[in-house]
Amino acid sequence: MIFRKKYYLNTTAGVDCIPITHEVHYAIRDSTCPSGMATVLVPEAGAGVVLIEPLPDVLKALQSLWEEWRRQAVREATTRDAKQQQVAVWPRVLGSLIGSSVHLPFHEGRLLTNPYTDVIVIDGDPVPRR
């Protein structure tokens, strides 16, 4: 059985670390499936998804690392996408390094991940999006 649920996030022009663990729990609950795998997919090219402890210093270090990578990359480097729109190169490279999806096992409606970790969407695209 496949159950699909969409969620929308609002991002800023900076580096965003957005926790979505609650949304994953809601999707598992709404699926009414007792056990299985939940896949979180971030379709935006300039973003990715990770499992990490949401400690303030850890998130700050993650944002700082992303910003440092961005500074070292050619900030003005752009290219054209399939729609011939101009897009920034560096967030797409960084998003590919992080990965666009995670697969999370669950049993009896509960995630089988470390209870101290959260599912975090990281977006570094300089264009705010929904």
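Fair warning: this is a prediction, and the values are worked out from it, not measured in the lab.
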With clusters built from Ile, Leu, Val, Met, Phe, Trp and Tyr whose side-chain heavy atoms come within less than 4.5 Å, directly or transitively, what are the remaining members of the cluster of [X], listed by chain and number?
X: V87; value: none
X: L51; value: L9, I18, I20, V24, I28, V40, V42, V49, V102, L104, F106, L111, V119, V121
X: I2; value: none

Of all heavy-atom pairs between [X] and [Y], which one has the smallest distance, and what is that distance?
X: G46; Y: D123; result: O-OD1, 3.6 Å
X: P128; Y: A13; result: CG-N, 3.9 Å
X: Q63; Y: C17; result: CG-SG, 3.4 Å

Of all residues at least two apart in sequence or in a different chain, which pass the side-chain contact (heavy atoms from CB on, under 4.5 Å) check with [X]?
X: N10; value: R130
X: Q85; value: D81, K83
X: L41; value: S100, S101

List in chain and number order the residues that pass side chain to side chain donor-acceptor pair (under 3.5 Å) with [X], two or more places apart in sequence or in another chain; answer none if no residue qualifies.
X: T12; result: D16
X: H107; result: S35
X: T11; result: none

Taking the side chain from D118 and the backbone from I120, do they hold a donor-acceptor pair closer than 3.5 Å?
no
Residue pair P34 / E108, side-chain heavy-atom distance below 4.5 Å:
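No - every pair of side-chain heavy atoms lies 4.5 Å or more apart.
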Which residue pairs pass the side chain to side chain donor-acceptor pair (under 3.5 Å) test with at least one member in residues 37-51, sequence neighbours excluded?
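Output for this query lists T39-H103, E44-R129.
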V15, L97: one ILVMFWY side-chain cluster at the under-4.5 Å cut-off?
yes
Establish whether I122 and Y7 are linked, either directly or via other cluster members, by ILVMFWY side-chain heavy-atom contacts under 4.5 Å.
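No, I122 does not connect to Y7 through the hydrophobic network.
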For E53, enumerate each residue passing the salt bridge (Lys or Arg N to Asp or Glu O under 4.0 Å) test, keeping only those at least two apart in sequence or located in another chain.
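With neighbours one apart ignored, the set is empty.
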CG-CG distance between D57 and L62, expressed to the nearest 0.5 angstrom
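Output value for this atom pair is 12.5 Å.
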Residue pairs fulfilling salt bridge (charged side-chain N to carboxylate O under 4.0 Å, His left out) with at least one residue in residues 19-34, sequence neighbours excluded
K5-D30
Should we say atom CZ of R4 is surrounded by more than 12 heavy atoms from elsewhere, each under 6.0 Å from it?
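No, because the 6.0 Å sphere around CZ of R4 holds 12 heavy atoms or fewer from other groups.
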